[in-house]
Amino acid sequence: ILTIAQKWEKELGMPVFPLTRDYLRKKFPCTLNGDNLLVNSTLLPDRELVTAVQELGVEEALEHAGRLLAVRMGKPVSGVFDPDHWTFDPGPWIDKGKAYGGQVSMVDYPWKIFELNGREIEADFQRLTAGRKGKKLSDTVEVIDPERVFVEPGFKGEYFTLNASTGPIYLGAGSEIMEGSVIRGPFALCEGALVKLSAKIYGPTTIGPFCRVAGEIKNAVFQANSNKGHDGFLGNSVLGEWCNLGADTNNSNLKNNYSEVKIWNYASGGYIGTGNQFMGLIMGDHSKCGINTMFNTGTVVGVSANIFGAGFPPKFVPSFSWGGAGGFTTYRIEKMLKTAGEVMKRRETRLSEADIDMLRSVYNYSEKFRNSL
């Protein structure tokens, strides 16, 4: 339900800022001072871990199995800490390292987003609803285990079914579920999101803010403002922001021989094992596909790709690619920016200069991958 940053803000009771790579810093600025608590941004908080982080003294680091979890800096970060090398390597900026003996959960690969989503919906449900009373649902709604359903103000919906016996269900402010839909928890429908007529949704699934979804969905996570507005299956998948799946788009989430799924990994420059038998689609921000698109098991689509045509596209589609199984050309940056601006305008949002600079950086970085197709 919450982003990783929002989870840490609620647990620590203080604002959180990202310390990230240069090309992202204009879009995601960071406020630093003389005493900074740095937390590994792949790390998911729980009560025991948060306590250990809060107990760090100045210039102390927390590590687990050789991985750096958190550092409390007693001096300005700039010039002494490199976020590209987030490793446990005590230097002039760490006085003492402390080992953490508890369990840790980290979103260090993209499939962890859906793989860990069930327990994270449970945790966020408690963070958001403890001590609160939600809105009452209409008497036309059939609910199993209603005590595990929380409804924020402004929710709308009639004649649908919720089953929270398999996990909690959270319905965000201003969201809506249309008639005939059947949903099993764990499930989160975030602010302003819409579930269209007769959708079938299996948990653990999160529909991000202002998304529009329909058809059959299983164990998927939608970031904000993305659409799957028609029939078709999406399972064990993650969609970024501003994505759109054409009508009757389907993905495979299981190989015919039931073997481990391998997916493209940028760091290694090749395919790596996921350890998962079920693995669907990973799609970056602003990417889209046409009607009747078929995605193979474990497909990775970059940022601002436009996919269409018959047959399965490759299992790795680089950012700013235009085409499908028959081949790709480059989706030119100026054309892409114009389309993105129009799409965002429909949601009363604008494409900022920070957005444009970030997308241009991704366009330039991804050229080597497009050239290899």
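Atoms considered below: every heavy atom in the structure, side chains included; atoms not considered: hydrogens, waters and symmetry mates.
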Non-hydrogen side-chain atoms of [X] and [Y] separated by less than 4.5 Å:
X: Leu69; Y: Val39; answer: no
X: Leu194; Y: Leu189; answer: no
X: Glu63; Y: Tyr100; answer: no
X: Trp322; Y: Lys335; answer: yes

Quick one: list whatever passes side chain to side chain donor-acceptor pair (under 3.5 Å) with [X], sequence neighbours left out.
X: Glu216; result: none
X: Arg332; result: Tyr363
X: Asp285; result: none

When you look at Phe316 and Tyr266, which way does the ring pair (Phe, Tyr, Trp, His ring centres under 6.0 Å) test go after all the steps?
CA-CA 10 Å; Phe316 170 51; Tyr266 285 92; 5.6 Å; yes
Report the distance from atom [atom1] of [X] to atom [atom2] of [Y], rounding to the nearest 0.5 Å.
X: Asn244; Y: Ser226; atom1: CG; atom2: OG; answer: 8.0 Å
X: Met283; Y: Asn251; atom1: CE; atom2: CG; answer: 10.0 Å
X: Leu56; Y: Arg72; atom1: CG; atom2: CZ; answer: 8.0 Å
X: Leu137; Y: Leu171; atom1: CG; atom2: CG; answer: 6.5 Å
X: Glu11; Y: Asp46; atom1: CD; atom2: CG; answer: 8.0 Å
X: Phe125; Y: Leu2; atom1: CZ; atom2: CG; answer: 12.5 Å

Say whether Asn364 and Ser361, considering side chains only, have a donor N or O and an acceptor N or O under 3.5 Å apart.
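Checked: Asn364/Ser361 side chains show no N/O donor-acceptor pair below 3.5 Å.
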Going by distance alone, is a donor N or O of one side chain under 3.5 Å from an acceptor N or O of the other, for Asn276 and Glu115?
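Side chains of Asn276 and Glu115: pair found under 3.5 Å.
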Under the side chain to side chain contact (heavy atoms under 4.5 Å, CB included) rule, what do Met336 and His286 come out as? Steps first, then yes or no, please.
CA-CA 9 Å; Met336 177 271 156; His286 291 282; 3.8 Å; yes
Using a 6.0 Å cut-off, check whether atom [atom1] of [X] has over 12 heavy atoms from anything other than its own residue.
X: Ile291; atom1: CD1; value: no
X: Phe369; atom1: CZ; value: yes
X: Arg346; atom1: CZ; value: no
X: Arg148; atom1: CZ; value: yes
X: Asn256; atom1: CG; value: no
X: Lys200; atom1: NZ; value: no
X: Asp108; atom1: CG; value: yes
X: Lys135; atom1: NZ; value: yes

Heavy-atom pair of closest approach, residues [X] and [Y]:
X: Val195; Y: Ser181; value: CG1-OG, 3.6 Å
X: Pro45; Y: Lys7; value: CG-CB, 3.7 Å
X: Met294; Y: Phe312; value: O-CD2, 3.4 Å
X: Ile183; Y: Ile169; value: O-CD1, 4.2 Å
X: Pro18; Y: Pro29; value: CD-O, 3.7 Å
X: Asp248; Y: His230; value: N-CB, 4.4 Å

Could you check whether Lys288 makes a cation-pi contact with Trp242, meaning its NZ or CZ is under 6.0 Å from the centre of the six-membered ring and within 45° of the ring axis?
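Output no; distance or angle outside limits.
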Would you please test Glu241 and Phe222 for side chain to side chain contact (heavy atoms under 4.5 Å, CB included) and show each step?
CA-CA 8 Å; Glu241 295 189 356; Phe222 288 68; over 6 Å; no
Who passes side-chain contact (heavy atoms from CB on, under 4.5 Å) against Glu147, sequence neighbours left out?
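By the side-chain contact (heavy atoms from CB on, under 4.5 Å) rule, Glu147 matches Asp145.
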Partner residues of Glu353 under the side-chain contact (heavy atoms from CB on, under 4.5 Å) criterion, sequence neighbours left out
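For Glu353 the side-chain contact (heavy atoms from CB on, under 4.5 Å) partners, ignoring immediate neighbours, are Lys26, Ile356.
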Going by an N to O cut-off under 4.0 Å, is there a salt bridge joining Arg127 and Glu9?
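No, this pair does not count.
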Lys/Arg-Asp/Glu bridge criterion (N-O < 4.0 Å) met for Glu260, Lys255:
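Salt bridge flag = no for Lys255 with Glu260.
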So, Lys98 side chain and Leu62 main chain: donor-acceptor pair closer than 3.5 Å or not?
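Judged by distance alone, no pair lies under 3.5 Å.
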Would you confirm whether Asn219, through its side chain, and Pro204, through its main-chain N or O, come within 3.5 Å as a donor-acceptor pair?
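Yes, the answer is positive, given that a donor and an acceptor are paired below the 3.5 Å cut-off.
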Could you pull out every donor-acceptor pair under 3.5 Å between side chains of residues 296-309 and any protein atom, sequence neighbours left out?
unit_1: Thr297; atom_1: OG1; unit_2: Ser252; atom_2: OG; d: 2.6
unit_1: Thr299; atom_1: OG1; unit_2: Asn296; atom_2: N; d: 3.3
unit_1: Thr299; atom_1: OG1; unit_2: Asn296; atom_2: O; d: 2.8

Should [X] and [Y] be counted in the same cluster of Ile, Leu, Val, Met, Phe, Trp and Tyr side chains packed under 4.5 Å apart?
X: Ile144; Y: Val141; answer: no
X: Leu281; Y: Ile201; answer: yes
X: Phe328; Y: Phe295; answer: yes
X: Phe278; Y: Ile113; answer: no
X: Ile282; Y: Val362; answer: no

Starting from the C-alpha separation in whole Å, work towards a yes-or-no answer on salt bridge (Lys or Arg N to Asp or Glu O under 4.0 Å) for Asp124 and Lys10.
CA-CA 10 Å; Asp124 287 346; Lys10 285 196 170 291; over 6 Å; no
Stepwise, does the salt bridge (Lys or Arg N to Asp or Glu O under 4.0 Å) test hold for Lys345 with Glu342?
CA-CA 5 Å; Lys345 190 187 300 182; Glu342 292 299 320; 3.5 Å; yes
Test side chain to side chain donor-acceptor pair (under 3.5 Å) on Arg119 and Ser105; report intermediate values, then the result.
CA-CA 10 Å; Arg119 50 153 281 183; Ser105 294; 2.4 Å; yes
Can Arg360 and Ile333 be said to form a side chain to side chain contact (heavy atoms under 4.5 Å, CB included), step by step?
CA-CA 7 Å; Arg360 287 190 186 278; Ile333 182 70; 4.0 Å; yes
State which residue, out of Ile121, Leu116, Asn117, Thr205, fulfils the side-chain contact (heavy atoms from CB on, under 4.5 Å) condition with Val221.
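Answer to the side-chain contact (heavy atoms from CB on, under 4.5 Å) test with Val221 among Ile121, Leu116, Asn117, Thr205: Asn117.
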I would like to know whether Glu334 and Leu337 meet side chain to side chain contact (heavy atoms under 4.5 Å, CB included); could you show each step before the answer?
CA-CA 5 Å; Glu334 299 304 332; Leu337 292 174; 4.2 Å; yes
